[in-house]
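I have placed the structure first, in the form of structure tokens, so that the comments after it can refer back to it.
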Amino acid sequence: MSTATLSIDLDAIRANWRALNEKTSGETGAVVKANAYGLGAGFVAKALLKEGVQTFFVAVAEEGVVVRKSLGNASTIYIFGGHMQGDTELIREYRLTPLLNSVDQLIRHVETLPHHPFGIQLDTGMNRLGMEPVEWHAVRELALPLNPKLIMSHLACADDPDHDMNVKQLAEFHKMTDDLDIPKSLSATGGILLGSDYHFDLTRPGVGLYGGFPFEQARAVAKVNIPIIQTREVDVGETVGYSNTWRAPTPRRIATVSAGYADGIIRAMGGKTALYAGDVACPIVGRISMDLIGVDVTLLTQPVESLELLNDRQTIDVLAENAGTIGYEILTSLGGRYQRRYLGDMG
Ligand SMILES: *Cc1c(COP(=O)(O)O)cnc(C)c1O
């Protein structure tokens, strides 16, 4: 088999959740949108349920269905995207809780599912989702008697603790919600790390659970191991891969491994990234192709069958830096071709 393996350490995800949970006195939920950042929403949600997580968040109703099927009926599953046309049956049947983002969504919800739980999402300055202050003022008196389960907003700059946007959004959130006796939520991973002023009743970590910045103490969760298909000796001056971008400065041994940009190994990371055999870093040489990558394994004294791309030392954040992106994009790009192995207590 030449398919690369993506190992997902569910115990590490649970440990990361516990570590974030210990930082706050309120409830800690878990964001499992985008298939739990690519790592498998069903498995991740179930492992976290066993850890005691009661509240989960997804982006869209269809993701909520997957999570509900995995969790059974005990937990709350919020939908950030709210209640869209066509969602009503899923919301009802799978007992999903939309976070209503607009007057239109509020009206749709009360007309189609009058007694079904919902939350409210407010915009405090990010201008992405949620009701703006004026809109909220216009509909508060309609919404409040319907007993919203949660009122939330989202921070735009929480991964930068010194950014003045954080205090601005915090002040706006207070202004819009202080007189309400409804559970409140403002913070994702970054907001948890900003301190207790930002915690309110419920936090919503995502990337920190999966081992990424800004939660620097997080345990690494994902490992990628890629089989070597073939190894060859190249002479001085020979080239490797498309467009001849790499030329051997001395005789080298080159391994061709079985993964590529179709597996989320972004072409742009090639020049700075190595694959590991234990502690030995073997640099990527030449262009990353769709399914194959050339690696300089000259330094290895023993033949190996596979090399690691993602591990405790070359984390998602290192790869992100190499590719000029963020850890979130590395994780969610990993894609469907990997053989997935779940390690730890499956819940
Ligand atoms: C994605 C998301 C989160 C989780 O953010 P992380 O930075 O991954 O912790 C929380 N809340 C909302 C509204 C989101 O869109």
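Just so it is clear, the structure is predicted and the values come from calculations on it, not from any experiment. Read the numbers this way: they start at 1 and go in the same order the structure lists the ligands and their atoms. Residue numbers start at 1 and run along the sequence shown.
Considering only residues two or more places apart in sequence or on other chains, K50 meets the salt bridge (charged side-chain N to carboxylate O under 4.0 Å, His left out) condition with D345.
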Could you pull out every donor-acceptor pair under 3.5 Å between side chains of residues 140-147 and any protein atom, sequence neighbours left out?
unit_1, atom_1, unit_2, atom_2, d
R140, NH1, D179, OD1, 3.3
R140, NH1, D179, OD2, 3.3
R140, NH2, D179, OD2, 2.8

Contacts under 3.5 angstrom, residues 181-194 side chains, donor-acceptor by atom type, not counting sequence neighbours:
unit_1, atom_1, unit_2, atom_2, d
K184, NZ, T177, O, 3.0
K184, NZ, L180, O, 3.0
S185, OG, L202, O, 2.8
S185, OG, R204, NH1, 2.9
S187, OG, Y198, O, 2.8
T189, OG1, G206, N, 3.3
T189, OG1, G208, N, 3.2

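Summarising the local packing, CZ of R313 is surrounded by more than 12 heavy atoms from other residues, nucleotides or ligands at distances under 6.0 Å. For R232, the CZ atom sits in a loose shell: 12 or fewer heavy atoms of surrounding residues, nucleotides or ligands are nearer than 6.0 Å.
Between T124 and Q169, the shortest heavy-atom distance links the atoms OG1-NE2, 2.9 Å.
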For ligand 1, find each of its N or O atoms that sits under 3.5 Å from a protein N or O atom, and tabulate the pairs with distances to one decimal place.
unit_1, atom_1, unit_2, atom_2, d
ligand 1, 7 (O), Y328, OH, 2.6
ligand 1, 8 (O), Y37, OH, 2.5
ligand 1, 8 (O), V207, N, 2.7
ligand 1, 9 (O), T189, N, 2.9
ligand 1, 9 (O), T189, OG1, 2.5
ligand 1, 9 (O), G206, N, 2.8
ligand 1, 9 (O), V207, N, 3.4
ligand 1, 11 (N), H154, ND1, 3.4
ligand 1, 11 (N), R204, NE, 3.0
ligand 1, 11 (N), R204, NH2, 3.2
ligand 1, 15 (O), K33, NZ, 2.7
ligand 1, 15 (O), R128, NH2, 3.0

